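Only one structure is covered here, and it is reproduced in the block below.
Worth saying up front: this structure is predicted, and the values here are computed from it rather than measured. Below, read A as the first sequence line, B as the second, and so on, with proteins coming before strands; counting in each chain starts at 1. Heavy atoms only: backbone and side chains are in, while hydrogens, waters and symmetry mates are out.
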Number of protein chains: 2
Amino acid sequence: MSFTYQYAHPAVTVDAVVFGFDESDLKVLLVQRAGEPHRGSWALPGGFVEMTEDLETAARRELAEETGLSRLFLEQLYTFGAPERDPRERVISVAYYALVKLMDHAVRAASDAKEVAWFPVADLPDLAFDHEEIVNMALKRLKGKIRYEPIGFELLPEKFPLSELQRLYETVLEQPLDKRNFRKKIQGMGLLQDTHEIQQDVAHRAARLYRFDQAAYQALRKRGFNFEL
Amino acid sequence: MSFTYQYAHPAVTVDAVVFGFDESDLKVLLVQRAGEPHRGSWALPGGFVEMTEDLETAARRELAEETGLSRLFLEQLYTFGAPERDPRERVISVAYYALVKLMDHAVRAASDAKEVAWFPVADLPDLAFDHEEIVNMALKRLKGKIRYEPIGFELLPEKFPLSELQRLYETVLEQPLDKRNFRKKIQGMGLLQDTHEIQQDVAHRAARLYRFDQAAYQALRKRGFNFEL
DNA sequence: GCAAAAGTGTTTCGGATACACCCATGC
DNA sequence: GCATGGGTGTATCCGAAACACTTTTGC
């Protein structure tokens, strides 16, 4: 089977930069390429867009297929289309970035035996194609957006102590934050619900666990509230 | 001549939302479609991406061809790819937004006799395809970005009075600003160069004309300065 | 009892806001 | 002389920043 057009058409792919956070650092999910070009190199999960599916749908499908991830926060990042970015043919890639709660989602390699693994953003391997550029743009976007939209919670487990939220912000923004000011500000927003639970199995005083209150956020937003940290 | 692929490929276009500002309001440049579908409707300037050109290059080329505009501020906005957005075939459009100094650039219709015209954003005609959605996203982007990057100057003539800058901000942000506070803040940034010229031919006291000092901005930015209004 | 992290208030400072009048010019 | 927009300064307020000690728990 083949497809013929009067004019040349590029191929269109979607690629996703999936971020995760564990106590110590920010990580990106990469897959090892099974085919040429760049066989064996690490790359962003992604693949070709089907003719009948939406771009975001394509990104979610590829993520599910290649990494087993679903139901995650996903947002379009930028479209990369330098003529020679793929040596095979002209390929335009619509890049997305995603945020996942690391604890909730064990990743599994796709059936076709490609490896899937998390890498700290501070220490990424060489990446295929222009994927390093894509990751850098995703990092910049995350860094910018986490300050004025409450997307950081997408990277934390449902229930979390304030110190973990602070560590996340410090990691992403790459700057230390004052503990008392941080707590005052975030608690003052009224977006955190006290679960009345505390940490288990910690070797020191256990912290209270909070939950992001999505309903309260939506209600506040309707009244003109703007998240900002 | 024709092109054949093993898998289906979508067509890829670029479309541009070009903003201009004249004393009274914010405008968007539209072209009247010469061909089907939507013949005669107003639409964003744009067209198919050539196989050997960059996406941004394609956007600039289409703008030059269809409207005569060149050398303008241009930035990628978002990629639209709903399967049915174009009735002919699957078309994925990489949208850009652009800012031009209205005075400096007289637009001219392309050779193939399509009409080109400026429309106030507050009063746009019905647009072809999903172009209304694209314009709305561009407006949102402009509104957000003008506050923390000095892109507003791209919409003004090289030399402008402070009142015109303020009117621009009030128009884009859709909110009135206090004259004294506005002047204090913008002048305090050290980004405006006094040209020592004044307005000509005005029926009242003539205002001083300023120029955006690009060099000063770059220097400040290196030292960690962030524009914000 | 000590290590490790949780939790908590007050003072200070700077930028944002609010606000009203005189000035220059053309007609 | 009047209409039109240009240009200017100060007081108040509020949120941001700076800052150190006590509490709880497991070992």
Side-chain angles (χ1 to χ4, degrees), chain A residues 21-25 146-148 156-157 159-171 173-211 220 223-229, chain B residues 21-25 146-148 156-157 159-171 173-211 220 223-229:
Chain A
F21 181 72
D22 73 12
E23 300 100 84
S24 53
D25 47 22
I146 203 174
R147 299 193 51 184
Y148 61 91
L156 296 181
K159 301 169 188 176
F160 52 86
L162 290 182
S163 58
E164 201 173 329
L165 183 62
Q166 182 178 345
R167 241 194 322 278
L168 167 63
Y169 272 87
E170 290 178 328
T171 303
L173 299 177
E174 296 179 285
Q175 57 169 304
L177 299 171
D178 179 83
K179 182 162 60 158
R180 280 173 291 189
N181 292 337
F182 181 84
R183 286 166 176 252
K184 211 186 310 169
K185 183 147 186 192
I186 198 87
Q187 293 188 108
M189 289 184 191
L191 296 177
L192 295 186
Q193 217 173 56
D194 187 343
T195 65
H196 303 293
E197 295 174 49
I198 58 170
Q199 287 179 311
Q200 300 299 324
D201 305 315
V202 288
H204 52 78
R205 176 173 175 182
R208 299 170 91 85
L209 297 177
Y210 292 85
R211 171 192 292 127
L220 282 170
R223 287 168 206 154
F225 168 83
N226 275 313
F227 181 86
E228 188 179 339
L229 204 136
Chain B
F21 181 71
D22 74 12
E23 300 99 82
S24 54
D25 46 23
I146 203 175
R147 299 193 52 184
Y148 62 90
L156 296 180
K159 301 168 187 176
F160 52 86
L162 291 182
S163 58
E164 201 172 328
L165 183 63
Q166 183 179 343
R167 242 194 321 279
L168 168 64
Y169 272 87
E170 290 178 329
T171 303
L173 299 177
E174 296 179 285
Q175 57 169 306
L177 299 172
D178 179 82
K179 182 162 61 156
R180 280 175 289 192
N181 293 336
F182 180 84
R183 287 167 175 250
K184 212 185 313 168
K185 183 147 186 191
I186 198 87
Q187 292 187 290
M189 289 185 192
L191 296 177
L192 294 186
Q193 218 170 57
D194 188 344
T195 65
H196 302 294
E197 295 174 50
I198 57 170
Q199 286 180 312
Q200 301 299 324
D201 306 316
V202 287
H204 52 77
R205 176 173 174 182
R208 300 170 91 83
L209 297 177
Y210 293 85
R211 172 193 292 126
L220 282 170
R223 286 170 207 153
F225 168 83
N226 275 313
F227 181 87
E228 190 180 336
L229 204 136

In sequence, state the C-alpha distance, the side-chain angles, and the governing distance for Glu228(A) and Asn226(A), and then conclude on side-chain contact (heavy atoms from CB on, under 4.5 Å).
CA-CA 6 Å; Glu228(A) 188 179 339; Asn226(A) 275 313; 5.7 Å; no

Given Arg208(B) and Glu197(B), is the side-chain contact (heavy atoms from CB on, under 4.5 Å) satisfied, shown in steps?
CA-CA 6 Å; Arg208(B) 300 170 91 83; Glu197(B) 295 174 50; over 6 Å; no

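Between Asp178(A) and Asn181(B), the residue anchored nearer the 5' end of DNA chain D, judged by the nucleotide with its closest heavy atom, is Asn181(B). In this structure, Gln187(A) and Val202(B) both approach DNA chain C, and ranking their closest nucleotides by distance from the 5' end singles out Gln187(A).
Here Leu209(B) contributes atom CG and Leu162(B) contributes atom CG; the two are 9.5 Å apart, rounded to the nearest 0.5 Å. Here CG of Leu177(A) is found 12.5 Å from CZ of Arg167(A). Values are rounded to the nearest 0.5 Å.
Between Phe160(B) and Leu192(B) the shortest side-chain heavy-atom distance falls below 4.5 Å. Using a 4.5 Å cut-off on side-chain heavy atoms (C-beta onward), Leu220(B) and Phe227(B) make no contact.
Between the C1' atom of dA16(D) and the CG atom of Leu229(A) lies a distance of 12 Å, rounded to the nearest Å. When rounded to the nearest whole Å, the span between CZ of Phe182(B) and C1' of dG9(D) equals 18 Å. The interatomic distance linking Lys184(B) (NZ) with dA11(D) (P) rounds to 12 Å, in whole Å.
Running 5' to 3' along DNA chain C, contacts with non-hydrogen atoms of chain A at under 4.0 Å begin and end at dA4(C) to dT10(C).
Counting any heavy atom pair closer than 4.0 Å across all strands shown, Lys185(B) reaches sugar-phosphate atoms only and no base atom. Among the heavy atoms of the strands lying under 4.0 Å from Arg183(B) is at least one base atom, whether or not backbone atoms are also near. Among the heavy atoms of the strands lying under 4.0 Å from Lys179(A) is at least one base atom, whether or not backbone atoms are also near.
When every heavy atom of Asp178(B) is checked against every heavy atom of Gln166(B), the shortest pair comes out as C-NE2, 4.1 Å. Here the shortest heavy-atom pairing between Gln199(A) and Pro161(A) reads NE2-CG, 3.6 Å. Across every non-hydrogen atom of Pro157(A) and Glu164(A), the tightest pair is CD-OE2, 3.8 Å.
Atom CD of Glu23(B) is surrounded by 12 or fewer heavy atoms from other residues, nucleotides or ligands within 6.0 Å.
Distance alone, capped at 3.5 Å, is enough to place a donor-acceptor pair between the Gln200(A) side chain and the Ile198(A) backbone.
Contacts with DNA chain C (heavy atom under 4.0 Å) in residues 188-200 of chain B: none are found.
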What protein N or O atoms touch nucleotides 22-24 of chain D N or O atoms at under 3.5 angstrom, if any, and at what distances?
| unit_1 | atom_1 | unit_2 | atom_2 | d |
| --- | --- | --- | --- | --- |
| dT23(D) | O2 | Arg205(A) | NH1 | 2.9 |

